[in-house]
Trainee: 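Mind having a look at this structure? Questions to follow.
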Amino acid sequence: LVNIYSPGDTLRYSAKTHKRSKDGEVMAFGISGKAAGNILLAALEWKNESEGGGFQGSLNTRSRFYRNKEGKDVAHVSISPSEVMIGDSLWHIRPANVVYASDYLKVDDFLLQHEAQHISIDGLATKDSSDSLNVGLQDVNVAYILDFVNFRSVEFDGFASGDVVVKSLFSYVQAS
């Protein structure tokens, strides 16, 4: 279901869909918001509608699109406070900024947090080995993470804390 309404120079939109996985889980996805000029406001929502679902949330963003001084297209996404349910735990997404251009990703202060547990992302990812994207984990339930990314090939359990440093990310990504 897609709805589009355009009063004047503002476009309002909403779309909803459902996806059934091979193992029978049903996920509902939705997006709504408005766009004017080079600004896009979006509310992304998802919910596992299967019995015992336990995974739902929303992500609220404001995106601005422009060309930088080198002529590259840039997307600057401001993440507003948002919430995610993983299992029976409410996680909070704190305000953050993400800037993306070709071979360039800058993340400022992304934080997904539940009580003392958190996942943080901060830094710069480019082809340059001196740039790094830093991912911090604090008492994160590994099973939650694997469920979150739908990785079920191997079973891990326990809690993880520590830092992951990603360098030269775009050196390994090949455009097709």
Side-chain angles (χ1 to χ4, degrees), residues 9-15 27 29-47 55-86 89-142 144-151 156 159-176:
D9 293 337
T10 300
L11 171 70
R12 296 183 186 279
Y13 62 91
S14 66
M27 289 291 293
F29 299 96
I31 184 170
S32 62
K34 64 182 180 178
N38 292 333
I39 305 294
L40 174 69
L41 301 176
L44 307 165
E45 297 178 343
W46 62 92
K47 181 178 182 179
F55 180 57
Q56 65 182 14
S58 64
L59 180 65
N60 302 302
T61 64
R62 178 185 187 275
S63 302
R64 184 170 62 95
F65 304 93
Y66 60 94
R67 284 214 169 96
N68 64 15
K69 59 186 173 188
E70 289 86 30
K72 290 185 177 182
D73 292 329
V74 177
H76 178 177
V77 180
S78 296
I79 299 172
S80 300
S82 305
E83 295 180 337
V84 176
M85 284 293 295
I86 303 174
S89 300
L90 179 63
W91 289 70
H92 298 278
I93 299 173
R94 303 296 182 205
N97 285 290
V98 177
V99 178
Y100 176 79
S102 178
D103 297 331
Y104 180 95
L105 175 66
K106 183 177 182 182
V107 180
D108 286 325
D109 300 323
F110 177 84
L111 182 67
L112 175 64
Q113 181 177 27
H114 167 71
E115 297 175 354
Q117 298 176 315
H118 73 257
I119 300 170
S120 63
I121 306 173
D122 193 73
L124 180 62
T126 66
K127 288 183 175 184
D128 190 330
S129 63
S130 65
D131 294 327
S132 62
L133 196 59
N134 305 297
V135 180
L137 304 174
Q138 180 62 48
D139 293 326
V140 175
N141 185 325
V142 175
Y144 274 176
I145 299 298
L146 296 178
D147 282 345
F148 183 73
V149 297
N150 199 24
F151 183 77
F156 290 101
F159 291 84
S161 292
D163 297 310
V164 176
V165 178
V166 179
K167 292 182 174 276
S168 304
L169 177 68
F170 292 104
S171 294
Y172 305 104
V173 177
Q174 298 293 321
S176 54

Trainee: Could you tell me the separation between the OH atom of Tyr13 and the CG atom of Leu11, rounded to the nearest 0.5 Å?
Mentor: 8.0 Å
Trainee: Can you tell me how far the CD atom of Gln56 sits from the CD1 atom of Ile86, to the nearest 0.5 Å?
Mentor: 11.0 Å
Trainee: Measure the shortest side-chain to side-chain distance between Thr126 and Asp103 over non-hydrogen atoms and say whether it is less than 4.5 angstrom.
Mentor: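 They are not in side-chain contact.
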Trainee: Does any non-hydrogen side-chain atom of Leu112 lie less than 4.5 Å from one of Phe110?
Mentor: yes
Trainee: Between Ser168 and Lys127, is there a side-chain heavy-atom distance shorter than 4.5 Å?
Mentor: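 No - every pair of side-chain heavy atoms lies 4.5 Å or more apart.
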Trainee: Search all heavy atoms of Leu40 against all heavy atoms of Phe65 and return the closest pair with its distance.
Mentor: CB-CE1, 3.9 Å
Trainee: Out of Met85, Lys47, Met27, which residue meets the side-chain contact (heavy atoms from CB on, under 4.5 Å) rule with Phe55?
Mentor: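 Going through Met85, Lys47, Met27 one by one, the side-chain contact (heavy atoms from CB on, under 4.5 Å) with Phe55 is satisfied by Met27 alone.
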Trainee: Let me have the donor-acceptor pairs involving side chains of residues 72-80, under 3.5 Å, with sequence neighbours excluded, atom names and distances please.
Mentor:
| from | atom 1 | to | atom 2 | distance (Å) |
| --- | --- | --- | --- | --- |
| Asp73 | OD1 | Arg67 | NE | 2.8 |
| Asp73 | OD1 | Arg67 | NH2 | 3.4 |
| His76 | NE2 | Asn97 | OD1 | 3.0 |
| Ser78 | OG | Asn97 | OD1 | 2.9 |

Trainee: Not counting sequence neighbours, which residues clear side-chain contact (heavy atoms from CB on, under 4.5 Å) with Lys106? List them please.
Mentor: Val99, Tyr104, Asp108, Leu124
Trainee: Is any side-chain heavy atom of Glu83 less than 4.5 Å from a side-chain heavy atom of Leu90?
Mentor: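 SC-SC contact between Glu83 and Leu90 confirmed.
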Trainee: Any idea which heavy atoms bring Gln117 and Asn141 closest together, and the distance?
Mentor: NE2-N, 4.0 Å
Trainee: Roughly how far apart are Lys167 NZ and Asp128 CG, rounded to 0.5 Å?
Mentor: 8.5 Å
Trainee: Quick check for you: to the nearest 0.5 Å, what is the distance between Leu111 atom CG and Ser120 atom OG?
Mentor: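 The CG atom of Leu111 sits 6.5 Å away from the OG atom of Ser120.
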Trainee: Say whether, by atom type as modelled, one donor and one acceptor occur between the side chain of Asp131 and the main chain of Ala125 under 3.5 angstrom.
Mentor: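 It does not hold such a pair.
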Trainee: For residues Ser58 and Ser82, report the shortest heavy-atom separation together with the two atoms involved.
Mentor: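 Heavy atoms only, the tightest pair is O-CB, 3.1 Å.
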Trainee: Do you know the tightest heavy-atom contact between Ala96 and Asp109?
Mentor: CB-O, 3.6 Å
Trainee: Any idea which heavy atoms bring Asn134 and Ser132 closest together, and the distance?
Mentor: OD1-OG, 3.6 Å
Trainee: Should Phe159 and Leu137 count as side-chain neighbours, where that means a heavy-atom distance under 4.5 Å?
Mentor: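 No, their side chains stay 4.5 Å or more apart.
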Trainee: If every non-hydrogen atom of Arg12 is compared with every non-hydrogen atom of Lys34, which pair is closest and at what distance?
Mentor: NH1-CD, 3.5 Å
